[in-house]
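Here is the structure we will look at.
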Amino acid sequence: MSHHGDGRTLAIVGATGAVGRVMRELVTERDLPVDEVRLVASSRSAGTTLEVGGAPVMVRDVAEEDVFDGVDVALFSAGGGVSKEHAPRAVAAGAKVVDNSSAFRLADDVPLVVTEVNPDALESLRTSGGIVANPNCTTMTAMLPLKALHDRFGLVGYTATSYQAAGGAGQPGIDELVAQTEALVGDPEGLRDDGGALRAKAPQPDVHTDVLAFNAVPLLGPADAEGYTEEERKLVNESRKILGLPQLAVAPTCVRVPVVVGHAIAVRAVLVDEVPSLAETISAIEGFPGVVVEEAPTPLAYAGRDEVAVGRIRMDLVDDHAVNFWVVGDNLRKGAALNTVQIAEELIRRGIA
């Protein structure tokens, strides 16, 4: 751990989860200017020991009365319920909270931040509130190239079809995919000739809305009265807030695919200006922080990488104000843990935390 932290203490709430594990690694990897990392989780994990920077740290119970005493920054990634109940406690104890759940994202007084896109939104925390929200992992992945295009050409709206990893539903989502894959992989004939019968025999879905192995599931959770899922609504509402474009026209379809980690999204962006050339489109995206451009990036290749990768960049065939692209990002890293840690870095850099 670094020794230039000015006595700062960082807490990771949900330290034992899939995102929490990545946060622990990133805090060490990125040498955050903190002197103590406090690991916090639910009572069932309290008392276990995890490593931070090679040193053992005992996990504390989030419900403990003084668990947030002396904490400067608290990173929450333990689900919306835990955030709603305990983030206000952390703020009351004097911490700035970076929350990775959906609990506060759309609250008016809570900034929703992607560090490369709208870091200045953090300034509001100097005067009021103590919580900053991390966007949904799908929205986050799309934001970087869309902001790059918006800065150059102006963004009117976009159509997004996501190809979301099982890991978007946390460790249980990954475990369910693996169990189903193991059960079905030995029967290629069944998969070819009678998928319905095989689907009935597979370990039944508890996390995903249908059997995910060897499949694509176009429903991530229940649909609302208009037929949209919460995941799809997040793309609409969060994009508008992050980009500061309340009228942004978003047409979302979210699909779960049998990938362990890494969300991919096919995007058609509609722009204010006529797009002058493919080369200018590529240069706008390529020059944006946190983005790499390659021909056809895949989620597998970017699992464990910090960058968001954009490929298949094409001028639209019918509308000279539109471009098409494909974007992938590790939903546990940039989609969740990395952006949360980057927000903490930015709060410290600006002297807010």
Exercise. Kindly indicate whether the side chain of Val113, heavy atoms from C-beta on, has any atom under 4.5 Å from the side chain of Ile242.
Key: no
Exercise. Show your working on side chain to side chain contact (heavy atoms under 4.5 Å, CB included) between Leu26 and Arg24 and close with a plain yes or no.
Key: CA-CA 6 Å; Leu26 287 169; Arg24 296 200 317 269; over 6 Å; no
Exercise. Report yes or no: does His263 contribute a side-chain atom to a donor-acceptor pair with the main-chain N or O of Ala165 at less than 3.5 Å?
Key: yes
Quiz prompt | Separation of Ser77 OG from Arg21 CZ (nearest 0.5 Å) | solution = 12.5 Å
Quiz item: Does Glu238 come within less than 4.0 Å of Lys234, counting only side-chain N to carboxylate O?
Solution: no
Practice problem: Quick one: closest heavy-atom pair of Ala309 and Pro297, and the distance? | Solution: CB-CB, 3.6 Å
Quiz item: If Ile, Leu, Val, Met, Phe, Trp and Tyr residues are connected whenever their side-chain heavy atoms lie under 4.5 Å apart, and connections chain through other members, are Val110 and Val117 in the same group?
Solution: no
Quiz item: Is Arg60 close to Arg38 at the side-chain level, that is, under 4.5 Å between some pair of heavy atoms?
Solution: yes
Quiz item: Val341, Phe76: one ILVMFWY side-chain cluster at the under-4.5 Å cut-off?
Solution: no
Practice problem: First locate atom CG of Leu338, then atom CG of Leu332, and finally report the distance between them rounded to the nearest 0.5 Å. | Solution: 11.5 Å
Practice problem: Output yes when a side-chain donor or acceptor of Asn134 lies under 3.5 Å from a complementary backbone atom of Asn100, and no otherwise. | Solution: no
Quiz prompt | Salt-bridge contact Arg30-Glu345 (side-chain N to carboxylate O under 4.0 Å) | solution = yes
Quiz item: Would you call Val178 and Glu182 a side-chain contact if the rule is heavy atoms closer than 4.5 Å?
Solution: yes
Practice problem: Would you name the heavy atoms of Val275 and Thr281 that are closest together and state the gap between them? | Solution: CG1-OG1, 3.1 Å
Quiz item: Taking Asp72 for the side chain and Ala353 for the main chain, is one N or O donor matched with an acceptor at less than 3.5 Å?
Solution: no
Self-check item: Point-to-point distance, once rounded to the nearest 0.5 Å, from CZ of Arg126 to CG of Leu347
Solution: 9.5 Å
Quiz item: Where the side chain of Asn215 meets the backbone of Val211, is there a donor-acceptor pair that is under 3.5 Å apart?
Solution: yes
Quiz item: Is Glu231 paired with Arg256 through a side-chain N to carboxylate O contact shorter than 4.0 Å?
Solution: no
Quiz item: Any salt bridge between Lys334 and Asp330, counting N to O under 4.0 Å?
Solution: no
Quiz item: Do you know which of Leu10, Val73, Thr9 makes side-chain contact (heavy atoms from CB on, under 4.5 Å) with Val34?
Solution: Leu10
Exercise. Among residues two or more places apart or on two chains, list those pairs meeting ring-ring contact (aromatic ring centres under 6.0 Å, His included) that have a residue in residues 148-193.
Key: Tyr163-Trp326
Quiz item: Can you check side chain to side chain contact (heavy atoms under 4.5 Å, CB included) on Asp61 and Val67, steps first, answer last?
Solution: CA-CA 7 Å; Asp61 186 342; Val67 74; over 6 Å; no
Quiz prompt | Verdict with reasoning, Val255 to Val217, per side chain to side chain contact (heavy atoms under 4.5 Å, CB included) | solution = CA-CA 6 Å; Val255 182; Val217 179; 5.8 Å; no
Practice problem: Determine yes or no for a side-chain-to-main-chain donor-acceptor pair under 3.5 angstrom, with Glu274 supplying the side chain and His321 the backbone. | Solution: no
Quiz item: Tell me, do Lys96 and Ile352 make a side-chain contact under 4.5 Å, heavy atoms counted?
Solution: yes
Quiz prompt | Least distance between heavy atoms, Ala103 atom then Lys84 atom | solution = CB-CG, 3.7 Å
Which side-chain N or O atoms in residues 283-295 pair as donor and acceptor under 3.5 Å with protein atoms at least two apart or in another chain?
{"from": "Ser283", "atom 1": "OG", "to": "Glu280", "atom 2": "O", "distance (Å)": "3.3"}
{"from": "Glu294", "atom 1": "OE1", "to": "Tyr302", "atom 2": "OH", "distance (Å)": "2.5"}

Self-check item: Validation row: Leu278, Ile313 side chains within 4.5 angstrom (heavy atoms)
Solution: yes
Quiz item: Does the side chain of Phe68 reach to within under 4.5 Å of the side chain of Val62, using non-hydrogen atoms?
Solution: yes
Quiz item: Got a sec, which pairs hit ring-ring contact (aromatic ring centres under 6.0 Å, His included) with one end in residues 331-353, sequence neighbours left out?
Solution: none
Quiz item: Has the side chain of Thr139 got a donor or acceptor atom that lies under 3.5 Å from a matching backbone atom of Pro135?
Solution: no
Self-check item: Closest non-hydrogen atom pair, Ile343 against Ala133
Solution: CD1-O, 4.3 Å
Quiz item: Between Asp210 and Arg199, is there a side-chain N and carboxylate O pair less than 4.0 Å apart?
Solution: yes
Quiz prompt | Rounded distance (nearest 0.5 Å) linking atom CD of Glu25 with atom CD of Glu51 | solution = 11.0 Å
Practice problem: Using modelled atom types only, decide if a donor and an acceptor are shared between the side chain of Glu116 and the backbone of Val114 within a distance under 3.5 Å. | Solution: no
Practice problem: Would you confirm whether Thr181, through its side chain, and Leu177, through its main-chain N or O, come within 3.5 Å as a donor-acceptor pair? | Solution: yes
Quiz item: Side-chain donor-acceptor pair under 3.5 Å between Ser83 and Asp99, yes or no?
Solution: yes
Quiz item: Is Arg268 salt-bridged to Asp316, cutoff N-O under 4.0 Å?
Solution: yes
Practice problem: Determine, stepwise, if the pair Asp35 / Arg8 fulfils salt bridge (Lys or Arg N to Asp or Glu O under 4.0 Å). | Solution: CA-CA 5 Å; Asp35 291 321; Arg8 249 188 229 97; over 6 Å; no
Quiz item: Where is the tightest heavy-atom contact between Leu198 and Gly190, given as atom of each residue plus distance?
Solution: CD2-C, 3.7 Å
Quiz item: Does Gln164 reach the main-chain N or O of Val257 with its side chain, forming a donor-acceptor pair under 3.5 Å?
Solution: no
Quiz item: Do Arg350 and Glu346 sit within salt-bridge range, that is, some charged N less than 4.0 Å from a carboxylate O?
Solution: yes
Quiz item: Can you tell me how far the OG atom of Ser239 sits from the CG atom of Asn237, to the nearest 0.5 Å?
Solution: 8.5 Å
Quiz item: Taking a hydrophobic cluster as the set of Ile, Leu, Val, Met, Phe, Trp and Tyr residues connected by side-chain heavy atoms closer than 4.5 Å, whether directly or through intermediates, do Val97 and Ile12 fall within one such cluster?
Solution: no
Practice problem: Answer yes when Asp224 and Arg233 have at least one side-chain N-carboxylate O distance shorter than 4.0 Å, and no when they do not. | Solution: yes
Practice problem: Kindly work out whether a path of hydrophobic side-chain contacts (I/L/V/M/F/W/Y, heavy atoms less than 4.5 Å apart) joins Met315 to Ile282. | Solution: yes
Exercise. Would you please test Arg105 and Asn136 for side chain to side chain contact (heavy atoms under 4.5 Å, CB included) and show each step?
Key: CA-CA 9 Å; Arg105 285 180 191 147; Asn136 176 271; 3.6 Å; yes
Quiz item: Would you say the side-chain atoms of Thr229 pair up with the backbone N or O of Gly221, donor to acceptor, closer than 3.5 Å?
Solution: no
Quiz item: Is any side-chain heavy atom of Leu155 less than 4.5 Å from a side-chain heavy atom of Val272?
Solution: no
Practice problem: Check whether any side-chain heavy atom of Val156 sits under 4.5 Å from a side-chain heavy atom of Leu245, and report yes or no. | Solution: no
Quiz item: If two hydrophobic side chains count as joined below 4.5 Å and joins carry through other members, does Phe214 share a cluster with Val259?
Solution: no
Quiz item: Of the non-hydrogen atoms in Leu32 and Ala344, which two are nearest, and what is the gap between them?
Solution: CD2-CB, 4.5 Å
Practice problem: Flag the pair Arg89 and Asp66 as a salt bridge only when some basic side-chain nitrogen lies within less than 4.0 angstrom of an acidic carboxylate oxygen. | Solution: no
Self-check item: Straight-line distance of Leu122 CG to Arg349 CZ, nearest 0.5 Å
Solution: 10.0 Å
